[in-house]
Number of protein chains: 2
Amino acid sequence: MGTNHTKGPTVPITPLYRRIADQLREEITSGRLGPGSRLPTEEELQQQHGGVSRNTIRNALRELAAEGLIETATRRGTFVRQHRTLTYHAVSAERADRPSSEGRDAFYDEVHAQGRSPSQDFAMVIEPADAGVAARLRVAEGDLVVARSVVRYVDKRPWSDQISYYAMDIAEQAGLIVAQDIPDGTVRAMARAGHEEVGVVDEITSRMPTPEEARVLDITAAGVPVLLYWRTTYSTSRPLRVTRTMFPADRNCIVYELGELVAYHEGLRVTVDQDQAR
Amino acid sequence: MGTNHTKGPTVPITPLYRRIADQLREEITSGRLGPGSRLPTEEELQQQHGGVSRNTIRNALRELAAEGLIETATRRGTFVRQHRTLTYHAVSAERADRPSSEGRDAFYDEVHAQGRSPSQDFAMVIEPADAGVAARLRVAEGDLVVARSVVRYVDKRPWSDQISYYAMDIAEQAGLIVAQDIPDGTVRAMARAGHEEVGVVDEITSRMPTPEEARVLDITAAGVPVLLYWRTTYSTSRPLRVTRTMFPADRNCIVYELGELVAYHEGLRVTVDQDQAR
DNA sequence: GGTGATTTGTGCGTATGTATT
DNA sequence: TAATACATACGCACAAATCAC
């Protein structure tokens with residue numbers, strides 16, 4: 001009540017909780033608090049900073065969590081996040097002479113090569129095209145399109161959420177309207193029906209996930225964005241496919257390899273973590 | 001003080017602040033609260049939800065801010081963020097027969113074409129290579145490399161933060177150790193010195209910015225990640241250049257156009273916003 | 001395998017500062 | 001100048017999850 005602790009009559013140009021956050025951040029980025037190490041408890045932090053209120057400490061911690069630097073676990077404490085298993089998701093540039101099969105084989109190969117176990121959930125629905133899909137597929141908004149979705153897992157952990165859209169006529173001709181995975185790949189199925197992919201346009205951006213997206217991709221920590229990756233493929237005459245893939249950004253990296261890369265492949269394939277650890 | 005408000009004896013499976021956030025999110029995503037529109041004040045929200053505490057409302061709002069959905073301004077209120085000027089940053093796939101000049105011309109053309117004014121701050125320093133640069137450039141960590149950095153602006157607003165690294169010997173031969181922009185482009189300068197870029201490896205990822213990065217890129221709102229884009233280029237025998245570019249993710253999109261795209265260019269170039277608005 | 005202690009999660013209340021209208 | 005509305009900071013209480021014994 002009357003406890004006026006006349007402590008800060010000075011003008012704290014930067015707020016208290018932010019100064020505390022700055023101090024902790026420095027501990028982390030400098031390496032004194034390495035990945036996986038535990039921070040002091042909230043109460044300890046209160047005392048270390050001259051008995052500030054718990055809310056102030058929590059504000060500071062929330063700041064760092066939003067930056068993706070730490071994560072908290074009830075009862076266990078607060079920990080420096082480790083951007084561990086930074087398996088990178090390579091997207092090789094598709095070439096006209098080597099069409100991939102919707103990436104499925106590539107995914108399996110990639111994951112198997114790393115000694116981990118891939119799996120996936122598949123679904124097919126027919127639905128009206130929203131604005132984004134309609135514009136890319138060049139159909140009218142609301143036209144029915146075939147949507148084939150795959151959620152991929154590595155060691156039972158969700159890795160990517162992908163959905164591909166096809167115009168009705170092409171889907172019918174290529175036999176894509178089946179509620180199962182197409183072993184051979186939809187790309188080859190379309191090619192057999194006379195629709196060969198000869199060019200692609202990729203759009204890559206990023207944003208924070210919705211709670212639903214975070215749930216699907218098992219993003220538990222705050223401060224982890226998703227990578228949004230749209231691929232539109234074309235035959236010589238029209239768009240064939242629109243694929244929208246969402247990745248948790250802390251576990252993935254999109255890689256393009258273009259041109260002559262003998263010099264690249266000669267050297268050892270270095271998979272440095274992409275500056276995630278700052 | 002002894003006001004024990006025996007209000008919630010029930011088990012609120014989802015916390016109160018989260019339910020309030022869910023409700024507000026629905027208002028926004030459904031469009032009832034459009035971009036730019038103002039939310040009720042915190043006090044109004046308290047009343048609308050049966051007189052909950054202000055902290056609870058603020059928790060809900062912080063949730064939405066961290067998702068990039070809203071932003072708050074002292075005294076003015078809380079607003080639905082508008083992912084407005086979604087100018088997209090096109091990165092055309094470089095081809096061996098058409099090397100670009102470090103992107104500078106491309107940037108100027110791109111921005112000018114949209115009737116906006118580009119500008120940039122340039123700097124050159126010689127510094128030891130960190131682990132990421134060293135591995136990509138295939139020099140030893142700590143070896144001195146030439147770093148040429150550019151911060152690009154569109155209408156005086158920061159757009160990207162880019163820094164390119166060159167091995168010392170190549171930089172000397174190509175005359176890159178000058179503290180000015182090279183009008184012709186460093187790529188052509190290297191080519192003249194016998195180091196021609198014939199292949200590139202791009203790595204794209206995303207994370208939340210550090211406060212310093214947010215300051216440089218003028219990212220004021222919470223919940224806005226940055227796109228991290230590494231390009232390593234190769235001659236037939238070795239890595240030539242490592243370029244690290246950082247973009248605010250809410251204003252940028254990286255685009256690749258690969259293969260034959262007559263069908264794409266025939267149709268109007270649709271620049272749909274990339275699902276940023278959900 | 002339960003019990004208690006620890007630690008974060010949620011929610012309440014209050015006061016004052018600061019920027020803007 | 002005054003009022004408004006968000007920002008920061010203090011305090012408290014209890015719940016829930018987990019770890020150690």
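None of these values were measured; they are calculated from a predicted model. In what follows, every chain begins at residue 1, and chains take the letters A, B, ... in the order their sequences are listed.
Comparing A:Arg76 and B:Arg76 by the nucleotide of DNA chain C whose heavy atom lies nearest to each, the residue mapping closer to the 5' end is A:Arg76. Each of B:Pro40 and A:Ile57 was matched to the nucleotide of DNA chain D holding its nearest heavy atom; the match closer to the 5' end belongs to B:Pro40.
When the side-chain hydrogen bond (donor to acceptor under 3.5 Å, both in side chains) test is applied to B:Thr220, no partner is found at least two apart in sequence or on another chain. Every residue two or more places apart in sequence or in another chain that forms a salt bridge (charged side-chain N to carboxylate O under 4.0 Å, His left out) with B:Asp22 is listed here: B:Arg25.
In this structure, the CG atom of B:Leu39 is 13 Å from the P atom of D:dA5, given to the nearest Å. The distance between atom CD of A:Glu43 and atom C1' of D:dC10, rounded to the nearest whole Å, is 16 Å. Rounded to whole Å, atom C1' of C:dT8 lies 12 Å from atom CG of A:Leu45. If you take CD1 of B:Ile70 and C1' of D:dA7, they are 14 Å apart, rounded to a whole angstrom. Between the CD atom of A:Glu71 and the P atom of D:dA17 there is a distance of 18 Å, rounded to whole Å. Counting to the nearest Å, the C1' atom of C:dT8 and the CD atom of A:Glu44 are 13 Å from each other. Between the OH atom of A:Tyr17 and the C1' atom of D:dC10 there is a distance of 16 Å, rounded to whole Å. If you take CZ of A:Arg62 and P of C:dT8, they are 14 Å apart, rounded to a whole angstrom.
Not one side-chain nitrogen or oxygen of B:Thr41 sits closer than 4.0 Å to the OP1 or OP2 atom of D:dT4. OP1 or OP2 of C:dT8 has not a single side-chain nitrogen or oxygen of A:Arg58 nearer than 4.0 Å. Taking side-chain N and O atoms only, A:Thr56 has no distance below 4.0 Å to OP1 or OP2 of D:dT8. Side-chain N/O atoms of A:Thr72 include none lying less than 4.0 angstrom from OP1 or OP2 on C:dT7. Taking side-chain N and O atoms only, A:Arg54 has no distance below 4.0 Å to OP1 or OP2 of D:dC10. Residue A:Thr74 has no polar side-chain atom (N or O) positioned under 4.0 Å from OP1 or OP2 of C:dT8.
Side chain A:Arg75 to base C:dT6: a donor-acceptor pair is found below 3.5 Å. Looking at B:Asn55, its side chain comes within 3.5 Å of the base of C:dG13 through a donor and an acceptor atom.
Here the closest heavy-atom approach between residue A:Ala179 and residue A:Phe122 is recorded as C-CE2, 3.7 Å. B:Thr56 approaches B:Tyr17 most closely through the heavy-atom pair O-CB, 3.5 Å.
Heavy atoms of B:Arg38 sit under 4.0 angstrom from primed sugar atoms or phosphate atoms, though from no base atom.
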Next item on the list: For A:Gln162 and A:Arg244, run side-chain contact (heavy atoms from CB on, under 4.5 Å): C-alpha distance rounded to whole Å, both residues' side-chain angles, the deciding distance at 0.1 Å, then the answer.
Entry: CA-CA 6 Å; A:Gln162 181 174 94; A:Arg244 174 188 182 283; over 6 Å; no
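Side-chain proximity of A:Glu42 to C:dT8, D:dT18, D:dA9: nearest is C:dT8.
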